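Everything below concerns the one structure shown next.
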Amino acid sequence: KRQGRKKAILLGLEFTGPKLSSLKKKLEEISYNHAKNETSNNANYLRFYCWRGGMRSASVGWLANLLDLNARILEGGYKSYRNWALSQFEKTWPIRLLGGRTGTGKTDLLINLSQKGVPVIDLEGIANHRGSTFGGLGLAAQPTSEQFENQLAERLESFRESSAQAIWIEAESTNLGRSRRDL
């Protein structure tokens with residue numbers, strides 16, 4: 001980087017050239033597992049990004065596309081994406097809060113609404129947390145605050161794209177669950 005773009009490219013080729021065969025196998029494995037585990041239209045492509053959107057993601061994306069793995073590269077990198085995610089919380093959204101006491105079935109109601117096509121965001125689901133009674137019992141580890149915010153921004157964006165008139169969310173406290181590292 002300090003010696004110029006061309007020098008960085010040549011150095012990158014020196015590092016990756018001998019490893020291209022194993023990188024090809026790894027990309028194919030990732031693509032297969034991604035398609036198998038993804039339930040949305042996102043299964044159609046792999047996504048690559050760098051911190052700033054540089055050459056590493058572009059070169060790995062190029063290789064994946066060369067292998068017909070249908071790669072997409074996030075322009076501007078993760079920093080750009082993160083700024084976009086945070087900007088979603090500055091917008092006005094047609095949020096409708098569902099409140100009530102613990103154990104009254106608010107989450108069940110949200111699930112039923114969602115099954116009927118009503119726009120719903122399950123904050124506890126995103127947080128891998130079952131609220132004040134059951135917490136994270138039997139669930140995967142909670143996402144970091146940053147991952148939680150990113151997932152929430154993605155959900156909001158999906159409803160903007162569908163022109164949702166109302167988005168139902170269960171009223172939660174400001175601290176939804178606890179991360180294992182906080183215990």
Side-chain angles (χ1 to χ4, degrees), residues 30-51 53 57 61 69-183:
I30 290 168
S31 178
Y32 173 77
N33 289 333
H34 177 70
K36 185 172 71 170
N37 295 325
E38 188 70 44
T39 57
S40 69
N41 290 336
N42 292 332
N44 297 337
Y45 58 88
L46 295 174
R47 296 164 293 231
F48 295 94
Y49 62 89
C50 288
W51 182 248
S57 59
L69 298 178
N70 202 11
R72 300 257 174 104
I73 298 156
L74 179 62
E75 289 184 34
Y78 182 74
K79 280 176 83 171
S80 175
Y81 170 79
R82 184 69 177 141
N83 288 332
W84 169 84
L86 292 174
S87 75
Q88 300 310 299
F89 305 122
E90 302 297 322
K91 296 178 179 178
T92 301
W93 296 95
I95 301 293
R96 304 295 182 260
L97 286 178
L98 177 61
R101 295 180 160 265
T102 298
T104 58
K106 298 180 297 290
T107 301
D108 291 337
L109 179 56
L110 287 177
I111 291 169
N112 286 330
L113 287 172
S114 178
Q115 290 172 345
K116 294 186 184 310
V118 175
V120 167
I121 295 178
D122 179 7
L123 295 173
E124 290 175 348
I126 295 172
N128 289 334
H129 199 269
R130 292 191 181 124
S132 57
T133 304
F134 297 106
L137 187 65
L139 297 175
Q142 285 192 273
T144 65
S145 295
E146 188 171 319
Q147 290 168 328
F148 177 85
E149 290 168 350
N150 291 345
Q151 290 178 38
L152 180 55
E154 294 276 348
R155 293 286 299 171
L156 287 168
E157 176 65 13
S158 72
F159 291 131
R160 183 196 63 77
E161 290 174 355
S162 67
S163 302
Q165 299 300 307
I167 303 169
W168 287 90
I169 298 177
E170 182 178 343
E172 300 288 354
S173 70
T174 57
N175 185 19
L176 181 60
R178 294 186 64 139
S179 179
R180 290 181 185 174
R181 64 183 163 279
D182 293 339
L183 298 177

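The model shown is predicted, which means the values in this text are computed figures rather than measured ones. We use all heavy atoms of the structure for the numbers below, so side chains are in, but hydrogens, waters and symmetry mates are not.
- Looking at N150 and Y78, their side chains do bring a donor and an acceptor atom within 3.5 Å of each other.
- Considering only residues two or more places apart in sequence or on other chains, W84 meets the ring pair (Phe, Tyr, Trp, His ring centres under 6.0 Å) condition with Y81.
- Distance CG/L110 to CD1/I121: 10.5 Å, rounded to 0.5 Å.
- Expressed to the nearest 0.5 Å, how far NZ of K79 lies from CH2 of W51 amounts to 6.5 Å.
- Summarising the geometry of A71 relative to F48, their closest heavy-atom pair is CB-CE1, 3.5 Å, with the distance given to 0.1 Å.
- Atom CD1 of I126 sits about 11.0 Å away from atom CD of E124, to the nearest 0.5 Å.
- With sequence neighbours excluded, no residue satisfies side chain to side chain contact (heavy atoms under 4.5 Å, CB included) with S80.
- Applying the side chain to side chain contact (heavy atoms under 4.5 Å, CB included) rule to I95 yields the partners W93, L97, L156, I167, I169; only residues at least two apart in sequence or on another chain are considered.
- Atom OG of S57 and atom CD of E75 lie 10.0 Å apart (nearest 0.5 Å).
- Considering only residues two or more places apart in sequence or on other chains, Q151 meets the side-chain hydrogen bond (donor to acceptor under 3.5 Å, both in side chains) condition with none of them.
- Under the side-chain hydrogen bond (donor to acceptor under 3.5 Å, both in side chains) criterion, K91 pairs with Q88, not counting sequence neighbours.
- Considering CG of L69 and OG of S31, their distance stands at 4.5 Å, rounded to 0.5 Å.
- Among residue pairs with one or both ends in residues 158-168, those qualifying as side chain to side chain donor-acceptor pair (under 3.5 Å) are E157-R160; sequence neighbours excluded.
- Screening residues 105-122 for salt bridge (Lys or Arg N to Asp or Glu O under 4.0 Å) gives K106-E170 as the qualifying pairs, with residues at least two apart or on separate chains.
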